[in-house]
Protein chains: 2
Amino acid sequence: MSPAPATAAQTSKGASTRCKLLERACGMAAKVGLEGVTIGELASTAGMSKSGVFAHFGSREDLVRQTLDWAAEQFVAQVMTPSMRQPRGLPRLRAITEAWMAWIAAHPDGCVFLGASFEYDGRPGPMRDHVAQMMESWHVALERAVTLAVEQGHLRPGTDPALVTFQLDSLMQGLHNARLHQPRHAQDLARRAVEDLFARYAADPADASAATPR
Amino acid sequence: MSPAPATAAQTSKGASTRCKLLERACGMAAKVGLEGVTIGELASTAGMSKSGVFAHFGSREDLVRQTLDWAAEQFVAQVMTPSMRQPRGLPRLRAITEAWMAWIAAHPDGCVFLGASFEYDGRPGPMRDHVAQMMESWHVALERAVTLAVEQGHLRPGTDPALVTFQLDSLMQGLHNARLHQPRHAQDLARRAVEDLFARYAADPADASAATPR
C-alpha cells in the first residue's frame, strides 16, 4: 500500500473526509450492492479525483471491506451501545429490537449487511468469509442478550436462546424484506411478532423468583 | 423484437434449449445476482453463440425477466402445487413450509427471489415493480393458506393470518440467510420455530368443533 493512506488518516480533515466517503459508499452499497462500490464511482459521486479517494483507500477491496466495517460500526453505535445501557434481560432485548427496527426504517434502500450476505454467499473468498464472520458475531451478541433474559428469569427456564435468536433475527429480516412489497404494515407486524415471541417465552412469576442471575 | 424468438419457440428442441438456458441463467443469478445475467455470459457458459441465445431472448431485459419468471414457475411447481394436494388447513400449511425448506436447501447458492428483492429494492423501474408484485402474490397465496387453517379450525379463531404469514415468511428468510453463517443448525432451528409458531396458534379442540369451513 502507498504511504498516502497513512498521510490522509493522520490529519483530522483526512479522517472526516474518510468518514464522508464511507458514508457515501454505504449509500451506494445499499442501492447497488457492495460490488457496485468502486473508487471511480465513489470519486465521481463525491466530486473528488480518483487519486484523492485512493489517498484514503489503498485498493477497491480495501474500500469495500472498510465500507462494510464502517456500516458495522454504525450499527453497533446505533443499536447495541444504547441498548447496553438498559437493564440486562427483557428490557435490553426490547431495546435492541426497537433500535434494530429503527435502523431498518432508517435505511429504506436496504441493509448493507443483508445485502452483503446475498452478494457474497455465492462468491467464495475473503469478503464472503468476512461477511459470514460479521453475521456470526452479531448472532453471538444477540444470543448473549437472549441468554441473559433467561438467566434474569424474564424468559422461561429451558428457553433455547439459539431458537429465540433465530426467531428474532428472522423477524428483522422479514421486516427488512417486506419494505419492497408491503412496507405499510410491516413495521406493525414485526412489532407484534416480536411481542408475541417474548410473550410466548415469558416466565411465570414463580419462575422469575427462581431466576439465577449471573 | 426479431422474428427469431418465435421461430426458436415453435420447435420443441427450441423449447427445451430455452429451458436449459433459463436453468443456467437461474444458477448464474443465484451466484452473482440477476444483474450479472447477460446474454454474453449465458452464451459462453452454455457454449452457444450470442445470436443463438438471442434467438430465445429478445433482449437482456427480456432474459432477466424470463429468468425470474422461470424460477417462479419452478417454485410453484415444487412448493405450491404438491402442497395443494394436502387437505386445506394445517396439513397444507405444513406441506408448504416443508417444501419451502426443501427448496431453500436445494439452492445453497441462494434464492433468486430474495436475491432479486435485494438487488432491485434500490433500483426503481419495471424490474423492481415486477419483483415486488411477485413477492406480493406469493404473500397473498401464503396468507390464503393460513386463513384456511383458521377457517378449518386448526388455528385459533381470531388468529391474524397477516401476522402468521409474516412470521412464517420471516422464518424462511432467516433459514435462507443463515446458510451463510450457521448452515448446520439453521434447518433444525427453522423447523422447530415453525412448529413452535403453529403450536402457539393451535386451536383448542372446542374451537375446532366450532370451525366454519368454507
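Letters go in sequence order (proteins before strands), and every chain restarts at 1. The analysis underlying the following values was restricted to heavy atoms, covering all of them including side chains, and did not include hydrogens, waters or symmetry mates. Since the structure is predicted, the reported quantities are computational estimates derived from the model, not experimental observations.
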With B:Tyr120, the side chain to side chain donor-acceptor pair (under 3.5 Å) member among B:His130, B:Glu35, B:Arg128: B:Glu35

Output field: ring centroids A:Trp138/A:Phe75 closer than 6.0 Å: yes

Segment of A:Tyr201 engaging chain B (4.5 angstrom heavy-atom cut-off):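 Contact with chain B involves the side chain of A:Tyr201 alone.
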
Chain B contact via A:Glu119 - side chain, backbone, both or neither, heavy atoms under 4.5 Å: backbone

B:His154 to B:Leu90 - nearest heavy-atom pair and separation: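 In this case the closest contact between B:His154 and B:Leu90 is ND1-N, 2.9 Å.
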
Largest heavy-atom contact set with chain B, pairs under 4.5 Å, which of A:Asp160, A:Val32, A:Leu114: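 Ranked by heavy-atom pairs under 4.5 Å with chain B, first place is A:Leu114.
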
Interface residue of largest heavy-atom contact number with chain B, from A:Thr165, A:Leu175, A:Leu171, under 4.5 Å: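 So the answer, after comparing A:Thr165, A:Leu175, A:Leu171, is A:Leu171.
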
Aromatic ring pairing A:Phe118/B:His176, orientation class (parallel under 30°, perpendicular over 60°, tilted between): parallel

Sidechain-backbone polar pair: B:His107 side chain, B:Trp103 backbone, donor-acceptor under 3.5 Å: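 Confirmed, B:His107 side chain pairs with B:Trp103 backbone.
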
A:Leu142 CG to A:Ile96 CD1 distance, which is reported to the nearest 0.5 Å: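 Rounded to the nearest 0.5 Å, the CG-CD1 separation comes out at 6.0 Å.
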
Nearest-0.5 Å distance that lies between atom CG in B:Asp169 and atom CD in A:Gln173: 10.5 Å

A:Leu22 side chain reached by A:Phe57 side chain, heavy atoms, under 4.5 Å: yes

Sorted by number, residues from residues 192-200 of chain B in contact with chain A (heavy atoms, under 4.5 Å): B:Arg192, B:Ala193, B:Asp196, B:Arg200

